[in-house]
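Within every chain, numbering begins at 1; the chains are lettered A, B, ... in the order of the sequence lines, protein sequences first and strands thereafter. Remember, it's a predicted structure, so these values are computed and weren't measured experimentally.
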Protein chains: 2
Amino acid sequence: MIRRLTTSRVETLEDELERQVLDGRFTPGEHLGEIALAEEFDVGRNTLRAAFDGLVRRGLLVKSRNRGVFVRALTAHDLAEIYELRTALEVQASRILAGRRSVPDAARSAYAHHHRLGPRSSQRVVVEADLAFHRALVVGTGNARLTRAHKTLEIEILLCLAQLVQGYASVGQLAGEHDALLEAIERGDQTEAEAVIRRHLENATLWLIEHATAPDEPLYTLGRAAPIESRDLG
Amino acid sequence: MIRRLTTSRVETLEDELERQVLDGRFTPGEHLGEIALAEEFDVGRNTLRAAFDGLVRRGLLVKSRNRGVFVRALTAHDLAEIYELRTALEVQASRILAGRRSVPDAARSAYAHHHRLGPRSSQRVVVEADLAFHRALVVGTGNARLTRAHKTLEIEILLCLAQLVQGYASVGQLAGEHDALLEAIERGDQTEAEAVIRRHLENATLWLIEHATAPDEPLYTLGRAAPIESRDLG
DNA sequence: GACCTAGGATTGTGCTACAATCTGCTTCAG
DNA sequence: CTGAAGCAGATTGTAGCACAATCCTAGGTC
């Protein structure tokens with residue numbers, strides 16, 4: 001794989017903004033002004049706008065013509081949508097892997113790492129370990145498009161966790177289900193693998209929605225209201 | 001649903017470029033120069049670049065730093081990837097619909113429209129009718145993210161058809177399988193619905209790959225070679 | 001209280017300038 | 001003749017300005 005030696009200003013900015021949004025620097029629905037931010041990051045307005053575009057397409061921001069971009073405010077409904085799509089992707093990945101009877105090495109080590117975590121680990125670490133396991137399954141298929149779609153979802157999941165859910169399922173519960181999945185894949189049992197991952201994600205959905213703090217409607221901030229519709233998710 | 005009254009220049013340009021690429025104005029791998037195209041469409045370089053960005057993220061173009069954008073050259077491998085992802089999405093959609101025992105009205109009328117086509121219909125019409133049926137299923141779930149992902153794939157499928165497959169499966173074959181799917185959804189039989197759509201798409205994949213003209217490697221045009229890697233699909 | 005209007009603020013778009021980088025050609029050593 | 005090094009031209013990357021288009025708010029009128 002060929003890698004570029006330099007990264008463009010836009011990409012750097014995009015990553016930095018993503019980090020700040022996921023870290024909760026901005027409140028959900030907050031308006032991001034071009035001029036102030038371009039000045040803060042010391043980039044041109046063009047560059048900032050390009051970075052905005054990227055984050056809009058990744059679902060972290062929403063854009064409203066002539067009003068600017070806003071931090072996406074997610075709802076329990078979004079959570080449900082995200083997990084439906086996630087289920088679609090991971091079911092397919094599990095079936096593909098089971099069809100080959102091959103558990104990716106990365107998935108095995110991600111499983112071990114996750115399983116090793118104790119109850120004292122921070123939520124951040126647990127979440128990342130859990131996601132890493134699931135990611136490894138998808139990446140293991142070798143399908144770049146499947147992987148890209150999953151990556152987009154991961155980011156949205158992190159945004160959900162930042163905005164409307166605190167806490168996370170216990171390591172023990174998750175690891176048990178992960179184990180069952182790996183076992184089914186190893187046996188080449190596609191039907192069972194699908195059933196296991198489906199149940200696993202359904203459990204996760206129920207848990208998350210139950211622990212979601214926000215109602216079904218987004219929380220608007222004072223001042224400018226977040227837009228109703230964005231072009232790419234409408 | 002709220003719609004904007006005006007469309008931005010970037011969006012217009014993006015749609016126009018998409019149309020031209022799918023219509024085969026450019027050859028796969030062809031380099032698109034900023035200055036010439038900005039002049040042709042009578043827009044600023046900024047605007048054109050924004051449109052490029054959109055098409056890159058939609059997978060129609062690939063971008064290479066300091067070299068510009070190129071028309072994406074698809075291969076049989078891409079075709080396989082696309083259909084794996086498509087299967088993931090449509091399986092999930094079928095299951096959701098079967099879980100509700102509800103066939104969307106749009107799917108029913110799309111089915112009727114497609115079924116009504118004769119052997120004299122142009123390929124373009126048949127393809128669009130077939131896609132419309134599948135699209136209706138996904139849209140019918142009401143999941144905007146599922147829908148968005150599917151829409152992206154539709155565009156890539158059209159690009160595949162333009163670049164490396166001629167012809168299309170017969171209406172009779174497809175309609176029969178569509179009918180079986182609707183029937184399973186109506187009965188609320190999730191397992192059967194999944195099995196039917198899986199088989200249907202697998203058949204389609206095999207047919208397409210068999211009829212693909214290009215080998216597994218992309219065809220490069222003379223002059224500037226298309227880039228190896230793009231950021232979003234790497 | 002509902003509606004209309006003016007003003008201020010922000011984004012949308014085009015243009016120019018210059019830096020960064022890639023590509024291809026020329027040159028030169030072996 | 002082959003291949004590496006370096007130079008020159010062309011294209012993209014980024015910043016900054018100017019002005020048009022649009023939106024939001026506030027204030028006034030009925």
Quiz item: So what does B:L32 hit on the nucleic acid, given a heavy-atom distance under 4.0 Å: a base, only sugar-phosphate, or nothing?
Solution: sugar-phosphate
Exercise. Grab the CD-P distance between A:E39 and D:dC17 for me, whole Å please.
Key: 11 Å
Quiz prompt | Residue B:H31, side-chain heavy atoms: nucleotide from D:dT12, C:dC22, D:dG13 that is nearest | solution = D:dT12
Quiz item: Between A:L13 (CG) and D:dT14 (P), how many Å, whole number?
Solution: 10 Å
Practice problem: Determine whether the side chains of A:H134 and A:H150 contain a donor N or O and an acceptor N or O closer than 3.5 Å. | Solution: no
Self-check item: Interatomic distance, B:D53 CG vs D:dT14 P [rounded to whole Å]
Solution: 11 Å
Self-check item: Under-3.5 Å donor-acceptor pair between B:R45 side chain and D:dG13 base
Solution: yes
Practice problem: Could you check which of D:dA15, C:dA20, C:dT13 has an atom nearest any side-chain atom of B:S8? | Solution: C:dT13
Quiz item: Should A:R9 be listed as having a side-chain N or O under 4.0 Å from OP1 or OP2 of D:dA15?
Solution: yes
Quiz item: Quick one: which of C:dG12, D:dT12, D:dA15 gets closest to the side chain of A:V43?
Solution: D:dA15
Quiz item: Got a salt bridge between B:E40 and B:R25, using NZ or NE/NH1/NH2 to carboxylate O under 4.0 Å?
Solution: yes
Exercise. Please state how far atom CG in B:N46 lies from atom C1' in C:dT16, giving the value in whole angstrom units.
Key: 11 Å
Practice problem: Nearest whole angstrom, please: distance from the P of D:dT11 to the NZ of B:K63. | Solution: 17 Å
Quiz item: Can A:E34 and A:K63 be counted as an ion pair, charged N to O under 4.0 angstrom?
Solution: no
Practice problem: Could you work out which one of C:dC22, D:dT14, C:dT11 sits closest to the side chain of B:R65? | Solution: D:dT14
Quiz prompt | Pairwise 5' ranking along DNA chain C for A:I35 and B:T47, keeping only the more 5' one | solution = A:I35
Quiz item: Would you call B:R86 and B:E90 a salt bridge, using N to O less than 4.0 angstrom?
Solution: yes
Quiz item: Which of parallel (below 30°), tilted (30 to 60°) and perpendicular (above 60°) describes B:H31 and B:F70?
Solution: tilted
Exercise. Write down the distance between CG (B:L37) and C1' (D:dT11), rounded to a whole number of angstrom.
Key: 13 Å
Quiz item: Rounded to the nearest Å, what distance is computed from the CZ atom of residue A:R49 to the P atom of nucleotide C:dT10?
Solution: 14 Å
Quiz item: Between A:N66 (CG) and C:dT11 (P), how many Å, whole number?
Solution: 9 Å
